[in-house]
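In what follows, a single structure is set out as C-alpha coordinates and then discussed.
Here is the naming used below: chain letters follow the sequence lines, and residue numbers restart at 1 for every chain.
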Amino acid sequence: MAAQSTIEQPERTTAPAGATASATRRPGGAGTGLLRFARNTWRPAAVLVAILLVWWVVTAAELVKPYLVPSPGTTLDVVLAQPGYFTHHTWITTYETVLGFAIAILVGVLSAVVMVYSPTVEKSLYPLLLFAQVIPKIAIAPLFIVWLGFGLSPKVVVAVLMAFFPIVISTVTGLKSIDPEMLQLSATMGAGPAQTFRKIRFPAALPHLFAGLKVAATMAVTGAVVGEFVGANEGLGYVILQANGNLDTPTLFAGLIIMSLLGVILFVVVELLEYLVMPWHASRRTDAATTTM
Amino acid sequence: MTVGNTTTQRSADATATGAAVDIDEVAVRFRTKKKDVTALRDVSVRIEPGEFVAIVGASGCGKSTLLKLVSGLLRPSSGQVRLHGEDVRGPRRDIGYVFQRAALLEWRTARRNILLQAEMRGMPKAQARQRADELIAMTGLTGFEDAYPNELSGGMQQRVALCRALLHRPPVLLMDEPFGALDALTREQMNVELRRIWRETGTTVLLVTHSIAEAVYLANRVIVMTPRPGTVAEVIDVDLPVERDYGQTMSAPEFARATGRIRDLLGATTTAE
(Lines give C-alpha, C1' and ligand atoms only; values in the text may rest on other atoms or scores of the structure.)
Protein backbone atom coordinates (compact mmCIF):
# COMPACT_ATOMS: atom_id res chain seq x y z
CA MET A 1 0.00 0.00 0.00
CA ALA A 2 2.84 2.35 0.86
CA ALA A 3 4.62 1.54 -2.37
CA GLN A 4 1.41 2.08 -4.25
CA SER A 5 0.85 5.57 -2.90
CA THR A 6 4.35 6.70 -3.77
CA ILE A 7 3.69 5.60 -7.29
CA GLU A 8 0.43 7.37 -7.74
CA GLN A 9 1.47 10.60 -6.07
CA PRO A 10 3.03 12.31 -9.10
CA GLU A 11 0.16 11.07 -11.23
CA ARG A 12 -2.32 13.00 -9.12
CA THR A 13 -0.46 16.22 -9.65
CA THR A 14 -0.49 15.75 -13.40
CA ALA A 15 -4.24 15.21 -13.38
CA PRO A 16 -6.16 18.31 -14.50
CA ALA A 17 -6.43 20.83 -11.72
CA GLY A 18 -9.64 20.45 -9.76
CA ALA A 19 -10.57 17.13 -11.36
CA THR A 20 -12.29 15.94 -8.22
CA ALA A 21 -13.81 19.34 -7.56
CA SER A 22 -15.50 19.51 -10.94
CA ALA A 23 -16.64 15.91 -10.56
CA THR A 24 -18.50 16.74 -7.38
CA ARG A 25 -19.89 19.97 -8.82
CA ARG A 26 -21.56 18.09 -11.62
CA PRO A 27 -24.87 16.97 -10.08
CA GLY A 28 -25.77 20.58 -9.24
CA GLY A 29 -24.72 21.79 -12.67
CA ALA A 30 -28.18 22.86 -13.87
CA GLY A 31 -28.22 26.10 -11.88
CA THR A 32 -24.80 27.18 -12.98
CA GLY A 33 -25.78 26.13 -16.49
CA LEU A 34 -28.71 28.55 -16.57
CA LEU A 35 -26.51 31.29 -15.17
CA ARG A 36 -24.01 30.60 -17.91
CA PHE A 37 -26.87 30.70 -20.40
CA ALA A 38 -27.89 34.17 -19.16
CA ARG A 39 -24.31 35.33 -19.29
CA ASN A 40 -24.12 34.20 -22.89
CA THR A 41 -27.42 35.73 -24.01
CA TRP A 42 -26.93 39.36 -22.99
CA ARG A 43 -24.74 40.15 -26.00
CA PRO A 44 -27.20 39.09 -28.72
CA ALA A 45 -29.96 40.73 -26.65
CA ALA A 46 -28.03 43.99 -26.70
CA VAL A 47 -27.64 43.77 -30.47
CA LEU A 48 -31.37 43.19 -30.80
CA VAL A 49 -32.12 46.27 -28.71
CA ALA A 50 -29.73 48.28 -30.87
CA ILE A 51 -31.52 47.17 -34.04
CA LEU A 52 -34.89 48.12 -32.52
CA LEU A 53 -33.43 51.49 -31.63
CA VAL A 54 -32.18 52.11 -35.17
CA TRP A 55 -35.56 51.03 -36.52
CA TRP A 56 -37.31 53.44 -34.18
CA VAL A 57 -34.99 56.35 -35.03
CA VAL A 58 -35.36 55.78 -38.77
CA THR A 59 -39.15 55.73 -38.60
CA ALA A 60 -39.49 58.51 -36.00
CA ALA A 61 -37.31 60.83 -38.11
CA GLU A 62 -39.43 59.79 -41.13
CA LEU A 63 -36.35 58.87 -43.18
CA VAL A 64 -38.56 56.38 -45.04
CA LYS A 65 -42.26 56.59 -45.79
CA PRO A 66 -44.42 55.00 -43.04
CA TYR A 67 -46.30 52.80 -45.52
CA LEU A 68 -42.95 51.24 -46.56
CA VAL A 69 -41.49 50.75 -43.08
CA PRO A 70 -43.88 51.10 -40.14
CA SER A 71 -42.54 52.21 -36.77
CA PRO A 72 -42.00 49.66 -33.99
CA GLY A 73 -44.86 51.28 -32.14
CA THR A 74 -47.33 50.87 -35.01
CA THR A 75 -46.26 47.26 -35.46
CA LEU A 76 -46.80 46.53 -31.79
CA ASP A 77 -50.16 48.34 -31.88
CA VAL A 78 -51.33 46.11 -34.74
CA VAL A 79 -50.59 43.02 -32.67
CA LEU A 80 -52.18 44.42 -29.52
CA ALA A 81 -55.28 45.56 -31.43
CA GLN A 82 -56.11 41.98 -32.50
CA PRO A 83 -54.39 39.63 -30.09
CA GLY A 84 -56.79 36.77 -30.88
CA TYR A 85 -56.07 37.03 -34.60
CA PHE A 86 -52.30 36.78 -34.14
CA THR A 87 -52.49 34.13 -31.43
CA HIS A 88 -54.63 31.92 -33.64
CA HIS A 89 -52.39 32.15 -36.69
CA THR A 90 -49.22 31.82 -34.66
CA TRP A 91 -50.62 28.70 -33.02
CA ILE A 92 -51.44 27.19 -36.42
CA THR A 93 -47.93 27.74 -37.74
CA THR A 94 -46.38 26.52 -34.46
CA TYR A 95 -48.48 23.37 -34.64
CA GLU A 96 -47.45 22.65 -38.25
CA THR A 97 -43.80 23.39 -37.48
CA VAL A 98 -43.53 21.30 -34.33
CA LEU A 99 -45.46 18.39 -35.81
CA GLY A 100 -43.34 18.52 -38.96
CA PHE A 101 -40.16 18.74 -36.90
CA ALA A 102 -41.18 15.78 -34.73
CA ILE A 103 -42.04 13.60 -37.74
CA ALA A 104 -38.77 14.64 -39.41
CA ILE A 105 -36.80 13.58 -36.32
CA LEU A 106 -38.55 10.21 -36.16
CA VAL A 107 -38.25 9.43 -39.87
CA GLY A 108 -34.79 11.01 -40.16
CA VAL A 109 -33.17 9.15 -37.28
CA LEU A 110 -34.80 5.85 -38.22
CA SER A 111 -33.72 6.02 -41.85
CA ALA A 112 -30.22 7.06 -40.78
CA VAL A 113 -29.96 3.99 -38.54
CA VAL A 114 -31.17 1.69 -41.30
CA MET A 115 -28.75 3.27 -43.76
CA VAL A 116 -25.78 2.91 -41.44
CA TYR A 117 -26.50 -0.76 -40.77
CA SER A 118 -27.33 -1.68 -44.35
CA PRO A 119 -24.99 -0.45 -47.09
CA THR A 120 -27.46 -1.71 -49.69
CA VAL A 121 -30.23 0.48 -48.32
CA GLU A 122 -27.81 3.38 -48.06
CA LYS A 123 -26.69 3.07 -51.66
CA SER A 124 -30.25 2.89 -52.98
CA LEU A 125 -31.73 5.53 -50.68
CA TYR A 126 -29.03 8.20 -50.69
CA PRO A 127 -29.59 9.44 -54.27
CA LEU A 128 -33.32 9.59 -53.62
CA LEU A 129 -32.71 11.61 -50.46
CA LEU A 130 -30.48 14.02 -52.28
CA PHE A 131 -33.08 14.37 -55.02
CA ALA A 132 -35.76 15.16 -52.43
CA GLN A 133 -33.47 17.74 -50.90
CA VAL A 134 -32.38 19.61 -54.02
CA ILE A 135 -35.87 19.93 -55.46
CA PRO A 136 -37.13 23.43 -54.51
CA LYS A 137 -39.82 22.99 -51.87
CA ILE A 138 -41.73 26.01 -53.13
CA ALA A 139 -42.03 24.23 -56.47
CA ILE A 140 -43.49 20.99 -55.14
CA ALA A 141 -45.62 22.55 -52.41
CA PRO A 142 -48.53 23.17 -54.86
CA LEU A 143 -48.49 19.46 -55.66
CA PHE A 144 -49.09 18.64 -51.99
CA ILE A 145 -52.02 21.07 -51.97
CA VAL A 146 -53.47 19.18 -54.92
CA TRP A 147 -52.90 15.85 -53.19
CA LEU A 148 -53.76 16.72 -49.61
CA GLY A 149 -56.09 19.71 -49.83
CA PHE A 150 -55.97 23.06 -48.03
CA GLY A 151 -55.73 21.64 -44.51
CA LEU A 152 -52.70 21.42 -42.25
CA SER A 153 -51.25 18.23 -43.75
CA PRO A 154 -49.56 19.73 -46.85
CA LYS A 155 -47.80 22.30 -44.62
CA VAL A 156 -46.64 19.58 -42.26
CA VAL A 157 -45.35 17.57 -45.22
CA VAL A 158 -43.32 20.51 -46.53
CA ALA A 159 -41.95 21.14 -43.02
CA VAL A 160 -40.94 17.46 -42.77
CA LEU A 161 -39.28 17.59 -46.18
CA MET A 162 -37.27 20.66 -45.21
CA ALA A 163 -36.21 19.41 -41.78
CA PHE A 164 -35.60 15.78 -42.70
CA PHE A 165 -32.38 16.14 -44.69
CA PRO A 166 -30.07 17.78 -42.10
CA ILE A 167 -31.24 15.23 -39.51
CA VAL A 168 -30.46 12.23 -41.72
CA ILE A 169 -27.08 13.55 -42.78
CA SER A 170 -25.98 14.46 -39.26
CA THR A 171 -27.20 11.18 -37.74
CA VAL A 172 -25.48 9.10 -40.42
CA THR A 173 -22.27 11.06 -39.88
CA GLY A 174 -22.57 10.65 -36.11
CA LEU A 175 -23.23 6.92 -36.22
CA LYS A 176 -20.37 6.37 -38.67
CA SER A 177 -17.81 8.40 -36.77
CA ILE A 178 -17.73 5.87 -33.95
CA ASP A 179 -14.26 4.74 -32.94
CA PRO A 180 -13.84 1.26 -34.52
CA GLU A 181 -11.90 0.14 -31.45
CA MET A 182 -14.98 0.89 -29.38
CA LEU A 183 -16.96 -1.54 -31.54
CA GLN A 184 -14.25 -4.21 -31.28
CA LEU A 185 -14.19 -3.75 -27.55
CA SER A 186 -17.94 -4.18 -27.48
CA ALA A 187 -17.56 -7.44 -29.41
CA THR A 188 -15.09 -8.82 -26.86
CA MET A 189 -17.61 -7.92 -24.16
CA GLY A 190 -20.06 -10.24 -25.86
CA ALA A 191 -22.48 -7.42 -26.64
CA GLY A 192 -25.04 -7.86 -29.39
CA PRO A 193 -25.74 -5.22 -32.06
CA ALA A 194 -28.73 -3.82 -30.14
CA GLN A 195 -26.74 -3.44 -26.92
CA THR A 196 -23.81 -1.86 -28.75
CA PHE A 197 -26.17 0.58 -30.44
CA ARG A 198 -27.98 1.56 -27.26
CA LYS A 199 -24.99 1.90 -24.96
CA ILE A 200 -22.24 3.02 -27.31
CA ARG A 201 -23.13 3.97 -30.83
CA PHE A 202 -26.24 6.08 -30.39
CA PRO A 203 -25.01 8.13 -27.41
CA ALA A 204 -21.76 8.73 -29.28
CA ALA A 205 -23.74 10.09 -32.25
CA LEU A 206 -25.77 12.56 -30.15
CA PRO A 207 -23.48 15.59 -30.62
CA HIS A 208 -23.78 15.22 -34.40
CA LEU A 209 -27.51 14.55 -34.16
CA PHE A 210 -28.10 17.72 -32.17
CA ALA A 211 -26.12 19.80 -34.64
CA GLY A 212 -28.49 18.53 -37.32
CA LEU A 213 -31.54 19.15 -35.14
CA LYS A 214 -30.61 22.80 -34.71
CA VAL A 215 -30.42 23.32 -38.45
CA ALA A 216 -33.63 21.33 -38.92
CA ALA A 217 -35.54 23.36 -36.33
CA THR A 218 -35.14 26.55 -38.36
CA MET A 219 -35.89 24.70 -41.59
CA ALA A 220 -39.15 23.35 -40.19
CA VAL A 221 -40.46 26.90 -39.64
CA THR A 222 -39.55 27.85 -43.21
CA GLY A 223 -41.23 24.68 -44.46
CA ALA A 224 -44.49 25.37 -42.68
CA VAL A 225 -44.61 28.96 -43.94
CA VAL A 226 -43.76 27.92 -47.50
CA GLY A 227 -46.65 25.48 -47.32
CA GLU A 228 -48.94 28.29 -46.16
CA PHE A 229 -47.77 30.62 -48.95
CA VAL A 230 -48.90 28.18 -51.59
CA GLY A 231 -52.40 27.76 -50.33
CA ALA A 232 -53.87 28.38 -46.91
CA ASN A 233 -56.55 30.27 -45.06
CA GLU A 234 -54.76 30.39 -41.73
CA GLY A 235 -51.25 30.56 -40.32
CA LEU A 236 -48.52 33.22 -40.31
CA GLY A 237 -47.74 32.62 -44.00
CA TYR A 238 -51.36 33.42 -44.80
CA VAL A 239 -51.22 36.54 -42.59
CA ILE A 240 -48.11 37.81 -44.38
CA LEU A 241 -49.53 37.09 -47.82
CA GLN A 242 -52.79 38.86 -46.97
CA ALA A 243 -51.00 41.86 -45.47
CA ASN A 244 -48.76 42.07 -48.52
CA GLY A 245 -51.77 42.09 -50.83
CA ASN A 246 -53.37 44.92 -48.85
CA LEU A 247 -50.10 46.88 -48.54
CA ASP A 248 -50.66 46.54 -44.79
CA THR A 249 -46.98 46.79 -43.82
CA PRO A 250 -47.51 46.93 -40.02
CA THR A 251 -49.27 43.53 -40.09
CA LEU A 252 -46.64 42.23 -42.51
CA PHE A 253 -43.86 43.28 -40.14
CA ALA A 254 -45.67 41.83 -37.15
CA GLY A 255 -46.06 38.49 -38.95
CA LEU A 256 -42.41 38.43 -39.97
CA ILE A 257 -41.19 39.18 -36.46
CA ILE A 258 -43.43 36.56 -34.85
CA MET A 259 -42.27 34.02 -37.43
CA SER A 260 -38.61 34.74 -36.69
CA LEU A 261 -39.28 34.51 -32.96
CA LEU A 262 -40.89 31.13 -33.52
CA GLY A 263 -37.74 29.85 -35.22
CA VAL A 264 -35.49 31.29 -32.54
CA ILE A 265 -37.57 29.78 -29.72
CA LEU A 266 -37.56 26.36 -31.35
CA PHE A 267 -33.79 26.61 -31.78
CA VAL A 268 -33.29 27.58 -28.14
CA VAL A 269 -35.54 24.70 -27.01
CA VAL A 270 -33.37 22.26 -28.97
CA GLU A 271 -30.28 23.80 -27.44
CA LEU A 272 -31.65 23.48 -23.91
CA LEU A 273 -32.60 19.90 -24.67
CA GLU A 274 -29.06 19.29 -25.86
CA TYR A 275 -27.74 20.61 -22.60
CA LEU A 276 -30.09 18.38 -20.60
CA VAL A 277 -29.37 15.24 -22.64
CA MET A 278 -25.60 15.71 -22.89
CA PRO A 279 -24.31 17.65 -19.90
CA TRP A 280 -20.97 15.92 -20.45
CA HIS A 281 -20.71 17.38 -23.92
CA ALA A 282 -21.85 20.87 -22.99
CA SER A 283 -19.38 21.06 -20.13
CA ARG A 284 -16.53 19.98 -22.36
CA ARG A 285 -17.49 22.63 -24.87
CA THR A 286 -17.42 25.46 -22.35
CA ASP A 287 -14.12 24.16 -20.97
CA ALA A 288 -12.70 24.76 -24.40
CA ALA A 289 -13.91 28.37 -24.10
CA THR A 290 -16.24 28.18 -27.05
CA THR A 291 -19.86 29.20 -26.79
CA THR A 292 -22.69 28.95 -29.23
CA MET A 293 -24.95 31.70 -28.01
CA MET B 1 9.34 -23.92 -27.34
CA THR B 2 9.67 -25.02 -23.76
CA VAL B 3 9.30 -22.68 -20.90
CA GLY B 4 11.95 -22.94 -18.27
CA ASN B 5 10.73 -20.05 -16.22
CA THR B 6 9.61 -20.79 -12.68
CA THR B 7 7.21 -17.84 -12.58
CA THR B 8 4.86 -19.57 -14.97
CA GLN B 9 4.16 -22.23 -12.39
CA ARG B 10 2.46 -19.71 -10.16
CA SER B 11 -0.55 -19.67 -12.45
CA ALA B 12 -3.81 -18.86 -10.73
CA ASP B 13 -6.05 -21.02 -12.84
CA ALA B 14 -4.67 -24.47 -12.30
CA THR B 15 -7.88 -25.88 -13.73
CA ALA B 16 -6.94 -24.85 -17.26
CA THR B 17 -5.23 -27.69 -19.00
CA GLY B 18 -2.49 -27.07 -21.51
CA ALA B 19 -1.63 -23.74 -23.07
CA ALA B 20 -3.58 -20.55 -22.40
CA VAL B 21 -2.96 -19.41 -25.94
CA ASP B 22 -1.84 -21.67 -28.74
CA ILE B 23 -1.06 -20.11 -32.09
CA ASP B 24 -0.33 -22.82 -34.59
CA GLU B 25 1.23 -22.19 -38.03
CA VAL B 26 -0.86 -19.09 -38.55
CA ALA B 27 -0.79 -16.87 -41.62
CA VAL B 28 -2.85 -13.76 -42.36
CA ARG B 29 -3.26 -12.29 -45.82
CA PHE B 30 -5.19 -9.14 -46.62
CA ARG B 31 -6.54 -8.67 -50.09
CA THR B 32 -6.51 -5.08 -51.28
CA LYS B 33 -7.54 -3.81 -54.72
CA LYS B 34 -4.05 -3.88 -56.15
CA LYS B 35 -2.30 -6.73 -54.42
CA ASP B 36 -2.35 -9.32 -51.70
CA VAL B 37 -0.53 -8.37 -48.55
CA THR B 38 0.81 -11.01 -46.22
CA ALA B 39 0.71 -9.59 -42.73
CA LEU B 40 1.76 -12.73 -40.87
CA ARG B 41 3.23 -16.06 -41.90
CA ASP B 42 4.33 -19.22 -40.11
CA VAL B 43 3.63 -17.89 -36.66
CA SER B 44 3.59 -20.49 -33.92
CA VAL B 45 3.49 -19.42 -30.31
CA ARG B 46 2.49 -21.30 -27.18
CA ILE B 47 1.74 -19.35 -24.05
CA GLU B 48 1.28 -21.09 -20.72
CA PRO B 49 -1.33 -19.95 -18.24
CA GLY B 50 -0.11 -17.13 -16.02
CA GLU B 51 2.70 -16.13 -18.32
CA PHE B 52 3.53 -12.54 -19.22
CA VAL B 53 4.58 -12.41 -22.84
CA ALA B 54 5.60 -9.27 -24.70
CA ILE B 55 5.65 -8.91 -28.47
CA VAL B 56 8.04 -6.44 -30.07
CA GLY B 57 8.73 -5.65 -33.69
CA ALA B 58 8.90 -2.88 -36.27
CA SER B 59 5.76 -0.95 -37.14
CA GLY B 60 3.46 -2.90 -39.43
CA CYS B 61 4.93 -6.30 -38.66
CA GLY B 62 1.57 -7.67 -37.58
CA LYS B 63 1.89 -7.44 -33.81
CA SER B 64 -1.59 -6.03 -33.36
CA THR B 65 -2.92 -8.51 -35.92
CA LEU B 66 -1.66 -11.27 -33.66
CA LEU B 67 -3.73 -9.94 -30.76
CA LYS B 68 -6.80 -9.62 -32.99
CA LEU B 69 -6.36 -13.28 -33.93
CA VAL B 70 -6.25 -14.37 -30.30
CA SER B 71 -9.35 -12.30 -29.45
CA GLY B 72 -11.22 -13.70 -32.45
CA LEU B 73 -11.78 -10.25 -33.95
CA LEU B 74 -9.87 -11.50 -36.98
CA ARG B 75 -9.71 -14.98 -38.49
CA PRO B 76 -6.44 -16.41 -39.79
CA SER B 77 -6.10 -17.15 -43.50
CA SER B 78 -4.53 -20.44 -42.52
CA GLY B 79 -3.49 -22.16 -39.34
CA GLN B 80 -5.23 -22.33 -36.01
CA VAL B 81 -5.58 -20.27 -32.87
CA ARG B 82 -6.67 -21.97 -29.66
CA LEU B 83 -7.61 -20.35 -26.40
CA HIS B 84 -7.50 -22.80 -23.49
CA GLY B 85 -7.67 -25.65 -25.95
CA GLU B 86 -10.73 -24.23 -27.72
CA ASP B 87 -10.65 -23.17 -31.36
CA VAL B 88 -11.12 -19.42 -31.74
CA ARG B 89 -13.94 -18.95 -34.24
CA GLY B 90 -15.54 -15.58 -33.41
CA PRO B 91 -15.01 -12.73 -30.92
CA ARG B 92 -14.07 -14.25 -27.57
CA ARG B 93 -15.69 -13.14 -24.35
CA ASP B 94 -13.10 -14.75 -22.07
CA ILE B 95 -10.45 -12.11 -22.71
CA GLY B 96 -9.78 -8.54 -21.65
CA TYR B 97 -8.62 -6.05 -24.26
CA VAL B 98 -6.73 -2.80 -23.73
CA PHE B 99 -6.02 -0.53 -26.69
CA GLN B 100 -3.45 2.21 -27.15
CA ARG B 101 -6.18 4.80 -26.78
CA ALA B 102 -8.22 4.28 -23.65
CA ALA B 103 -11.44 4.16 -25.75
CA LEU B 104 -13.62 5.37 -22.90
CA LEU B 105 -17.20 6.56 -23.25
CA GLU B 106 -17.00 10.27 -22.50
CA TRP B 107 -20.54 10.46 -21.09
CA ARG B 108 -19.75 7.93 -18.39
CA THR B 109 -17.76 8.45 -15.22
CA ALA B 110 -14.70 6.33 -14.56
CA ARG B 111 -16.69 3.84 -12.50
CA ARG B 112 -19.50 3.56 -15.02
CA ASN B 113 -16.97 3.08 -17.81
CA ILE B 114 -15.52 0.16 -15.88
CA LEU B 115 -19.00 -1.23 -15.26
CA LEU B 116 -19.82 -1.16 -18.98
CA GLN B 117 -18.08 -4.52 -19.11
CA ALA B 118 -20.53 -5.90 -16.51
CA GLU B 119 -23.59 -4.40 -18.21
CA MET B 120 -22.69 -5.90 -21.57
CA ARG B 121 -22.12 -9.31 -20.00
CA GLY B 122 -25.14 -9.18 -17.73
CA MET B 123 -23.02 -9.77 -14.64
CA PRO B 124 -24.79 -9.56 -11.27
CA LYS B 125 -24.80 -5.88 -10.26
CA ALA B 126 -23.63 -6.17 -6.66
CA GLN B 127 -20.80 -8.51 -7.59
CA ALA B 128 -19.69 -6.22 -10.43
CA ARG B 129 -19.68 -3.15 -8.22
CA GLN B 130 -17.62 -4.91 -5.60
CA ARG B 131 -15.12 -6.09 -8.20
CA ALA B 132 -14.96 -2.56 -9.68
CA ASP B 133 -14.18 -1.12 -6.24
CA GLU B 134 -11.42 -3.69 -5.79
CA LEU B 135 -9.86 -2.78 -9.14
CA ILE B 136 -10.22 0.95 -8.51
CA ALA B 137 -8.27 0.52 -5.29
CA MET B 138 -5.72 -1.76 -6.96
CA THR B 139 -4.98 0.67 -9.79
CA GLY B 140 -4.91 3.77 -7.59
CA LEU B 141 -8.02 5.33 -9.08
CA THR B 142 -9.56 5.96 -5.67
CA GLY B 143 -10.91 9.50 -5.57
CA PHE B 144 -11.41 9.61 -9.32
CA GLU B 145 -14.32 7.17 -9.62
CA ASP B 146 -16.83 9.88 -10.42
CA ALA B 147 -14.63 11.89 -12.77
CA TYR B 148 -15.42 11.99 -16.47
CA PRO B 149 -12.74 10.90 -18.97
CA ASN B 150 -12.05 14.48 -20.07
CA GLU B 151 -11.20 15.31 -16.46
CA LEU B 152 -8.60 12.53 -16.26
CA SER B 153 -4.99 12.51 -17.39
CA GLY B 154 -3.85 10.02 -20.01
CA GLY B 155 -2.40 7.69 -17.39
CA MET B 156 -5.60 7.77 -15.36
CA GLN B 157 -7.69 7.06 -18.46
CA GLN B 158 -5.54 4.05 -19.25
CA ARG B 159 -6.01 2.78 -15.70
CA VAL B 160 -9.76 2.97 -16.20
CA ALA B 161 -9.40 0.99 -19.44
CA LEU B 162 -7.31 -1.59 -17.58
CA CYS B 163 -9.92 -1.91 -14.83
CA ARG B 164 -12.61 -2.36 -17.45
CA ALA B 165 -10.57 -5.11 -19.11
CA LEU B 166 -10.02 -6.91 -15.79
CA LEU B 167 -13.55 -6.60 -14.37
CA HIS B 168 -14.75 -10.04 -15.46
CA ARG B 169 -11.50 -11.73 -14.33
CA PRO B 170 -10.47 -12.78 -17.83
CA PRO B 171 -7.95 -15.62 -17.94
CA VAL B 172 -6.16 -13.83 -20.79
CA LEU B 173 -5.44 -10.10 -21.01
CA LEU B 174 -4.50 -8.65 -24.40
CA MET B 175 -2.79 -5.27 -24.43
CA ASP B 176 -2.09 -3.41 -27.66
CA GLU B 177 0.54 -0.75 -26.94
CA PRO B 178 -1.42 0.35 -23.89
CA PHE B 179 1.12 2.95 -22.79
CA GLY B 180 2.19 4.17 -26.22
CA ALA B 181 0.44 7.51 -25.84
CA LEU B 182 1.78 8.28 -22.37
CA ASP B 183 4.76 10.40 -21.45
CA ALA B 184 7.94 8.57 -20.44
CA LEU B 185 7.57 9.15 -16.70
CA THR B 186 3.93 8.07 -16.51
CA ARG B 187 4.83 5.11 -18.67
CA GLU B 188 7.44 3.88 -16.18
CA GLN B 189 4.95 4.20 -13.34
CA MET B 190 2.37 2.28 -15.31
CA ASN B 191 4.93 -0.45 -16.04
CA VAL B 192 5.61 -0.90 -12.34
CA GLU B 193 1.90 -0.99 -11.61
CA LEU B 194 1.10 -3.41 -14.41
CA ARG B 195 3.79 -5.78 -13.14
CA ARG B 196 2.24 -5.63 -9.66
CA ILE B 197 -1.32 -6.04 -10.99
CA TRP B 198 -0.26 -9.02 -13.08
CA ARG B 199 1.25 -10.67 -10.02
CA GLU B 200 -1.89 -9.98 -7.97
CA THR B 201 -4.34 -11.26 -10.59
CA GLY B 202 -2.33 -14.14 -12.08
CA THR B 203 -3.79 -13.43 -15.52
CA THR B 204 -2.01 -14.48 -18.67
CA VAL B 205 -0.88 -11.28 -20.37
CA LEU B 206 -0.02 -10.72 -24.01
CA LEU B 207 1.48 -7.26 -24.45
CA VAL B 208 2.32 -5.60 -27.75
CA THR B 209 4.81 -2.79 -27.33
CA HIS B 210 7.35 -0.64 -29.15
CA SER B 211 9.47 -0.20 -26.06
CA ILE B 212 12.19 -2.80 -25.63
CA ALA B 213 12.77 -1.76 -22.01
CA GLU B 214 9.07 -2.10 -21.26
CA ALA B 215 8.98 -5.55 -22.84
CA VAL B 216 11.98 -6.87 -20.91
CA TYR B 217 11.00 -5.31 -17.58
CA LEU B 218 7.46 -6.68 -17.72
CA ALA B 219 7.63 -10.00 -19.51
CA ASN B 220 8.90 -13.50 -18.82
CA ARG B 221 9.36 -14.02 -22.50
CA VAL B 222 9.71 -11.55 -25.34
CA ILE B 223 8.66 -12.52 -28.84
CA VAL B 224 10.68 -10.58 -31.40
CA MET B 225 9.06 -10.32 -34.80
CA THR B 226 10.52 -9.68 -38.25
CA PRO B 227 9.28 -6.88 -40.52
CA ARG B 228 6.36 -7.64 -42.86
CA PRO B 229 5.49 -10.34 -43.58
CA GLY B 230 5.77 -10.78 -39.86
CA THR B 231 6.98 -13.96 -38.32
CA VAL B 232 8.72 -14.90 -35.10
CA ALA B 233 12.41 -14.01 -35.33
CA GLU B 234 13.33 -15.22 -31.89
CA VAL B 235 11.83 -15.76 -28.47
CA ILE B 236 13.92 -14.31 -25.67
CA ASP B 237 13.63 -15.76 -22.18
CA VAL B 238 14.05 -12.99 -19.65
CA ASP B 239 16.04 -14.36 -16.74
CA LEU B 240 15.16 -11.68 -14.21
CA PRO B 241 13.85 -12.34 -10.70
CA VAL B 242 10.09 -12.35 -10.10
CA GLU B 243 10.47 -9.40 -7.73
CA ARG B 244 11.59 -6.63 -10.06
CA ASP B 245 12.53 -3.26 -8.67
CA TYR B 246 12.42 -0.82 -11.59
CA GLY B 247 15.73 0.92 -10.97
CA GLN B 248 17.64 -2.25 -10.13
CA THR B 249 16.20 -4.08 -13.11
CA MET B 250 17.30 -1.34 -15.49
CA SER B 251 20.91 -1.75 -14.38
CA ALA B 252 20.89 -5.54 -14.12
CA PRO B 253 23.30 -7.37 -16.44
CA GLU B 254 20.52 -9.72 -17.56
CA PHE B 255 18.40 -6.71 -18.54
CA ALA B 256 21.25 -5.37 -20.65
CA ARG B 257 21.77 -8.77 -22.26
CA ALA B 258 18.08 -9.20 -23.17
CA THR B 259 17.55 -5.64 -24.44
CA GLY B 260 20.83 -5.83 -26.37
CA ARG B 261 19.81 -9.04 -28.06
CA ILE B 262 16.39 -7.65 -29.01
CA ARG B 263 17.96 -4.47 -30.32
CA ASP B 264 20.29 -6.54 -32.47
CA LEU B 265 17.37 -8.50 -33.86
CA LEU B 266 15.25 -5.46 -34.57
CA GLY B 267 17.89 -3.04 -35.76
CA ALA B 268 20.72 -4.66 -37.66
CA THR B 269 18.93 -7.41 -39.53
CA THR B 270 21.78 -7.53 -42.04
CA THR B 271 24.42 -8.36 -39.45
CA ALA B 272 22.22 -10.48 -37.20
CA GLU B 273 22.23 -13.59 -39.35
- More than 12 non-hydrogen atoms from neighbouring residues, nucleotides or ligands closer than 6.0 Å to CD on B:Gln130, yes or no? no

- Message: So which residue, B:Arg92, B:Arg164, B:His168, ends up with the most heavy-atom pairs under 4.5 Å with chain A?
- Response: B:Arg164

- Message: Taking side-chain contact (heavy atoms from CB on, under 4.5 Å) as the criterion, tell me which of A:Thr188, A:Ile200, A:Leu185 meets it with B:Met120.
- Response: A:Ile200

- Task: For chain B, find which of A:Pro203, A:Gly190, A:Ala204 contributes the most heavy-atom pairs closer than 4.5 angstrom.
- Result: A:Pro203

- Query: Where do B:Pro91 and A:Ala187 come nearest, in terms of heavy atoms and distance?
  - Reply: CB-O, 3.8 Å

- Task: Would you mind checking which part of B:Arg121 comes under 4.5 Å of any heavy atom in chain A, side chain (CB onward), backbone (N, CA, C, O), both or neither?
- Result: both

- Gap between atom CG of B:Leu116 and atom CE of A:Met182 - 0.5 Å precision: 6.0 Å

- Task: Go through B:Glu145, B:Arg101, B:Glu188, B:Arg108 and name the one with the most non-hydrogen pairs under 4.5 angstrom from chain A.
- Result: B:Arg101

- Item | Nearest heavy atoms of B:Gln117 and A:Met189, plus distance in Å | OE1-CG, 3.0 Å

- 4.5 Å side-chain heavy-atom contact, B:Glu119 and A:Gln195: no

- Item | Other residues, nucleotides, ligands: >12 heavy atoms within 6.0 Å of B:Arg129 CZ | no

- Note on the structure: Looking only at heavy atoms, the pair that brings A:Lys199 and B:Trp107 closest together is O-CZ2, 3.4 Å

